[in-house]
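Everything on this sheet refers to the single structure shown next.
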Amino acid sequence: QVQLVESGGGLVQAGGSLRLSCAASGRTVSNYAMGWFRQAPGKEREFVAAISRSGGSKYYANSVKGRFTLSRDNGKNTVYLQMNSLKPEDAAVYYCAADADNNEIYYTRNYYLDYIYDYWGQGTQVTVSS
């Protein structure tokens with residue numbers, strides 16, 4: 001079992017940047033496919049970015065492609081989400097999640113579905129002022 005703790009959220013002006021961190025404990029992040037999701041008030045949770053267990057594949061929502069970058073540091077047991085050119089519509093609580101199934105083919109088809117993830121962090125708030 002893995003425990004996930006997000007950090008790095010905060011208030012930023014539109015056009016600014018933030019880097020979110022998802023620190024894992026209990027097991028190493030390289031044992032999991034990892035995803036980032038977000039949920040704004042009154043909206044459903046939505047997919048943001050993901051990385052396969054092997055690290056060979058990364059996926060991004062169209063709304064963040066070219067602005068957000070996901071990376072993984074196995075030595076620090078942490079996954080990062082670098083967010084640049086932030087927009088007011090990026091404001092949300094951001095969650096990281098871990099998928100324990102070792103099925104890369106299944107993951108490539110379903111990485112954007114929140115219900116495939118087994119473990120979740122508590123979330124970190126991102127606020128973007130216009």
Side-chain angles (χ1 to χ4, degrees):
Q1 185 167 340
V2 65
Q3 292 78 43
L4 305 173
V5 178
E6 302 96 334
S7 62
L11 172 63
V12 64
Q13 287 189 330
S17 299
L18 283 174
R19 187 178 78 159
L20 305 184
S21 300
C22 174
S25 61
R27 294 197 70 187
T28 60
V29 292
S30 58
N31 288 314
Y32 302 90
M34 300 293 295
W36 282 96
F37 290 77
R38 67 187 182 188
Q39 187 167 20
K43 295 187 177 181
E44 293 187 354
R45 186 163 55 191
E46 65 174 359
F47 167 75
V48 176
I51 183 170
S52 63
R53 175 174 171 155
S54 69
S57 298
K58 296 181 183 179
Y59 310 94
Y60 297 94
N62 287 335
S63 59
V64 307
K65 201 170 293 184
R67 300 188 297 122
F68 290 13
T69 303
L70 188 154
S71 61
R72 186 176 72 189
D73 187 331
N74 292 337
K76 294 185 177 180
N77 216 24
T78 300
V79 175
Y80 301 98
L81 185 68
Q82 178 67 43
M83 307 188 296
N84 298 330
S85 302
L86 282 161
K87 305 175 182 180
E89 52 263 42
D90 293 319
V93 177
Y94 283 70
Y95 300 91
C96 70
D99 171 31
D101 289 341
N102 184 19
N103 188 331
E104 193 110 348
I105 294 176
Y106 180 83
Y107 190 74
T108 60
R109 298 171 181 170
N110 299 284
Y111 59 86
Y112 58 94
L113 299 171
D114 58 0
Y115 61 77
I116 74 165
Y117 293 85
D118 304 288
Y119 304 101
W120 291 82
Q122 84 291 346
T124 186
Q125 177 73 50
V126 172
T127 304
V128 184
S129 63
S130 56

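Because the structure is predicted, anything quoted here is derived from the model rather than measured. Count residues from 1 along the sequence.
- Looking only at atom types and distance, the side chain of Ser17 has a donor-acceptor partner in the side chain of Asn84 under 3.5 Å away.
- Here the OG atom belonging to Ser7 is positioned 9.0 Å from the OH atom belonging to Tyr80, to the nearest 0.5 angstrom.
- Residues that satisfy the side-chain hydrogen bond (donor to acceptor under 3.5 Å, both in side chains) test with Ser52, not counting sequence neighbours, are Ser54, Glu104.
- With hydrophobic clusters built from ILVMFWY side chains whose heavy atoms lie under 4.5 angstrom apart, Leu81 shares a cluster with Val126.
- A chain of hydrophobic side-chain contacts below 4.5 Å, direct or via other Ile, Leu, Val, Met, Phe, Trp or Tyr residues, connects Tyr94 to Val64.
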Evaluation steps, side-chain contact (heavy atoms from CB on, under 4.5 Å), between Met34 and Leu70
CA-CA 10 Å; Met34 300 293 295; Leu70 188 154; 5.9 Å; no
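- The two atoms that bring Val93 and Gly123 nearest to each other are CG1-CA, 3.8 Å, heavy atoms only.
- The two atoms that bring Pro88 and Ser130 nearest to each other are CG-CB, 3.9 Å, heavy atoms only.
- Between Phe37 and Tyr117, the distance from one ring center to the other falls under 6.0 angstrom.
- In terms of heavy-atom proximity, Gly8 sits nearest to Thr124 at N-OG1, 4.2 Å.
- No path of Ile, Leu, Val, Met, Phe, Trp and Tyr side chains, each step under 4.5 Å between heavy atoms, connects Tyr112 with Val48, placing them in separate hydrophobic clusters.
- In this structure, OH on Tyr111 lies 10.5 Å from CD1 on Ile116, to the nearest 0.5 angstrom.
- Put simply, the side chain of Asn77 gets close to the backbone of Arg27: a donor and an acceptor are under 3.5 Å apart.
- For the side-chain hydrogen bond (donor to acceptor under 3.5 Å, both in side chains) test, no residue two or more places apart in sequence or in another chain qualifies with Tyr95.
- Looking at Arg53, its side chain never comes within 3.5 Å of a backbone N or O of Asp99 through a donor-acceptor pair.
- When side chains are defined from C-beta on, Trp36 counts as touching Val79, because their heavy atoms get closer than 4.5 Å.
- The minimum heavy-atom distance linking Thr78 with Ser21 is given by the pair CG2-CB, 4.1 Å.
- By the criterion of side-chain heavy atoms lying less than 4.5 angstrom apart, applied directly or through intervening Ile, Leu, Val, Met, Phe, Trp or Tyr residues, Ile51 is not grouped with Val5; the two fall into different hydrophobic clusters.
- The OG1 atom of Thr108 lies 8.5 Å from the CG atom of Asn103; values are rounded to the nearest 0.5 Å.
- Of the possible donor and acceptor atoms, none in the side chain of Asn110 sits under 3.5 Å from a partner among the backbone N and O of Leu113.
- With a 4.5 Å cut-off on side-chain heavy atoms, Leu86 and Phe68 count as touching.
- For the atom pair Asn102 CG and Tyr32 OH, the distance stands at 11.5 Å (nearest 0.5 Å).
- A 6.0 Å sphere centred on NZ of Lys58 holds more than 12 heavy atoms belonging to other residues, nucleotides or ligands.
- Ring geometry, Tyr59 versus Tyr107: the interplanar angle exceeds 60°, so the pair is classed perpendicular (tilted spans 30 to 60°).
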Derivation and outcome, side-chain contact (heavy atoms from CB on, under 4.5 Å), residues Arg38 and Asp90:
CA-CA 9 Å; Arg38 67 187 182 188; Asp90 293 319; 2.9 Å; yes
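- Under the 4.5 Å side-chain heavy-atom criterion for grouping Ile, Leu, Val, Met, Phe, Trp and Tyr, Val29 is connected to Val2 within one hydrophobic cluster.
- The distance from atom CD of Gln39 to atom CD of Glu46, rounded to the nearest 0.5 Å, is 9.5 Å.
- In terms of modelled atom types and a separation under 3.5 Å, the side chain of Glu6 and the main chain of Gln122 share a donor-acceptor contact.
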